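Scroll down for the structure; my scribbles are underneath it.
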Amino acid sequence: MLSGKTILLIIAGGVAAFKSLDLIRRLKDQGATVRCVLTKGGEAFVTPLSVSALSEEKVYTDIFSLTDEAEMGHIRLSREADLLLVAPATADIMAKMAAGLAMDLATTTLLATDKPVMVAPAMNVRMWEHAATQANVATLASRGVLFAGPVEGNMACGEYGFGRMSEVSDIVAAVIHQFKDEPEKADRPLTGVRAMVTSGPTHEAIDPVRYIANRSSGKQGHAIAAALAALGAETILISGPTALPDPTGMTIVHVESALEMLAACEAGLPADIVVCAAAVSDWRVASQADQKMKKDGGGPPDLVLTENPDILKTLSAPSPTRPGLMIGFAAETQNVVENARAKIIRKQCDWILANDVSPDSGVFGGDLNTIHFIDADRAEAWPKMSKQDVAARLAAQIVHHVIGDERGGQDGD
Ligand code: C5P
């Protein structure tokens, strides 16, 4: 029931922590990947060794451990999870969550996440009933935090009442319930795939108020990001300045210049698929003026230009972080296929969508695009179609490539 799901289990310091070991096993029985964060308090009840043995994953304990931060920062821990589950959730960790504190790896990850969070509270009955805890529960619930329990029963401290952690089977059921309304995987074949799309123009500053730009609208790149996200890809859209609204269902990074776009792309790695649809300025001003340039005195300035890095080429170069599928665009006016093939070789990318940008094509700023799809051994001429349809057709090719799904393929059309 949880196949393909990654649960980030945060084990806080409560007597019920011993049940978390069973919880790991039961979640894994359902097909989930379980990655664990142990708080200092949690470590007093269960050892990292037993947690890692059961989860068959590395256990994360310390935000200041440089190795962990380099290998898998707290952002990535949350990014790679489908659900954060705090079990046991002590009164203390819930108070920290409600207050937005980031004191250790667990609380920092909980503050940094945009994924669903579920808590399984476990504490003494009077701690549970305390007005402070109840206020925190209300705050967390109002923010969308999900609750599994607590339940009424005998406590480790010898008392009876509410505050006992839910049975492991009930927590697992609550986790399964959380995912039950998700669209079937068949509708979202790129689930688990990380995609990055560049879009729009770049602005290259001359001085604080002037810049060099181009007429790219960003419509094609934005449509591709939306198509990939709709198919379930975890999508990052890195956009230069456009007039378009931010699409939903993805992470959006706004940049101005080519250098910023490259830095944002590199920060977004690793990715499985990168589509470079941005019209990146080939040049920037070699040295930007700190103050607005004055027209008085000495005539027009000499603008010395320097070349911008080629983002598509940089990301396509062989490296351990090279995305599996690098896709670029090529604006051509003649010899479309030959020029695009040469570009695949020069930039070491995998696919090129060559578009006809002859003056009467209306591609820049328009809603239609005429594409030649080109890879190492294929060239398909796509009919003139809307940028949305180009995005959908490219996304289908990507599905076909990634999972070999016949339904995604467009071959032979
Ligand atoms: O070489 P040309 O500009 O025609 O290549 C276009 C392709 O390269 C597009 O996919 C564009 O997004 C990408 N590109 C880039 N960085 C640059 C220039 C182009 O990513 N500096």
Side-chain angles (χ1 to χ4, degrees), residues 190 195-202 213-231 233 235-247 249-250 252 261 273-282 310-312 316 325-344 346-347 349-376 378-401 408-413:
L190 295 180
M196 191 152 71
V197 181
T198 71
S199 183
T202 61
N214 62 63
R215 294 188 194 282
S216 166
S217 66
K219 285 179 187 169
Q220 187 61 81
H222 278 53
I224 291 168
L228 294 175
L231 291 174
T235 306
I236 307 176
L237 172 64
I238 299 171
S239 176
T242 73
L244 300 173
D246 282 349
M250 66 189 75
I252 300 172
M261 188 172 273
I273 300 160
V274 175
V275 184
C276 289
V280 182
S281 173
D282 290 320
D310 188 315
I311 298 167
L312 175 62
S316 297
L325 186 56
M326 288 293 316
I327 305 169
F329 274 78
E332 303 289 350
T333 50
Q334 54 186 347
N335 300 335
V336 173
V337 175
E338 299 90 279
N339 288 343
R341 277 248 158 78
K343 199 162 286 185
I344 286 191
R346 195 168 67 248
K347 302 205 182 201
C349 61
D350 302 296
W351 299 351
I352 287 272
L353 274 65
N355 48 356
D356 175 4
V357 290
S358 48
D360 57 351
S361 68
V363 167
F364 270 122
D367 293 320
L368 298 177
N369 220 343
T370 308
I371 295 288
H372 281 75
F373 173 90
I374 289 144
D375 67 11
R378 233 171 1 145
E380 285 173 16
W382 293 358
K384 190 170 196 165
M385 59 178 94
S386 72
K387 290 180 177 176
Q388 264 69 28
D389 287 346
V390 167
R393 187 156 173 162
L394 174 64
Q397 294 279 35
I398 290 171
V399 169
H400 184 56
H401 175 86
Q410 298 282 342
D411 297 0
D413 281 5

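It should be emphasised that the depicted structure is a prediction, and the values quoted were computed from it without experimental measurement.
With values rounded to the nearest 0.5 angstrom, Ile398 atom CD1 is found 4.5 Å from Leu228 atom CG. Atom-to-atom distance recorded for Met385:CE and Thr370:OG1 is 8.5 Å, nearest 0.5 angstrom. Note that CD1 of Ile236 is 11.0 Å distant from CE of Met250, once rounded to the nearest 0.5 Å. To the nearest 0.5 Å, the span separating CE on Met326 from CE on Met196 amounts to 7.5 Å. One finds the CD1 atom of Ile327 at 10.5 Å from the CG atom of Asp375 (value rounded to the nearest 0.5 Å). To the nearest 0.5 angstrom, Asn339 atom CG is 4.0 Å from Glu332 atom CD.
Under the side chain to side chain donor-acceptor pair (under 3.5 Å) criterion, Lys347 pairs with Asp310, sequence neighbours left out. Under the rule for a side-chain contact (heavy atoms from CB on, under 4.5 Å), the partners of Ala223 that lie at least two apart in sequence or sit in another chain are Gln220, Gln388, Ala391. Remark: Asp350 engages Arg322 in a salt bridge (charged side-chain N to carboxylate O under 4.0 Å, His left out) (not counting sequence neighbours). In this structure Trp351 satisfies the ring-ring contact (aromatic ring centres under 6.0 Å, His included) test together with Phe373, His401, sequence neighbours excluded. For the side-chain contact (heavy atoms from CB on, under 4.5 Å) test, residues two or more places apart in sequence or in another chain that qualify with Val280 are Thr202, Ala258, Met261, Ala278, Ile311. Remark: Ala379 pairs with Val337, Arg341, Ile374 by the side-chain contact (heavy atoms from CB on, under 4.5 Å) rule, at least two apart or across chains. In this structure Ser199 satisfies the side chain to side chain donor-acceptor pair (under 3.5 Å) test together with His222, sequence neighbours excluded. Every side-chain contact (heavy atoms from CB on, under 4.5 Å) that Ala381 has, sequence neighbours left out, goes to His372. Legend: residues meeting side chain to side chain donor-acceptor pair (under 3.5 Å) with Asp246, ordered by chain and number and at least two apart, are His254.
Across every non-hydrogen atom of Ala331 and Asn355, the tightest pair is CA-OD1, 3.4 Å. Ala227 and Ala395 get closest at one heavy-atom pair: CB-CB, 4.0 Å. The heavy-atom pair separating Thr242 from Gly218 by the smallest distance is CG2-CA, 4.1 Å. Across Leu312 and Gly328, no two heavy atoms sit closer than the pair CD2-CA, 3.6 Å. Nearest heavy atoms, Gly221 versus Leu237: O-CD1, 4.3 Å.
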Step-by-step side-chain contact (heavy atoms from CB on, under 4.5 Å) determination, Leu353 to Trp382 = CA-CA 10 Å; Leu353 274 65; Trp382 293 358; 4.3 Å; yes
Trace of the side-chain contact (heavy atoms from CB on, under 4.5 Å) decision for Phe329 with Ile371 = CA-CA 9 Å; Phe329 274 78; Ile371 295 288; 4.1 Å; yes
After noting the C-alpha distance and the side-chain angles of Cys276 and Thr198, does the key distance pass the side-chain contact (heavy atoms from CB on, under 4.5 Å) rule?
-> CA-CA 5 Å; Cys276 289; Thr198 71; 3.8 Å; yes
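Between the Thr235 side chain and the Ala233 main chain, a donor and an acceptor come within less than 3.5 Å of each other.
You'll find the side chain of Ser217 stays beyond 4.5 Å of the side chain of Leu244, heavy atoms only.
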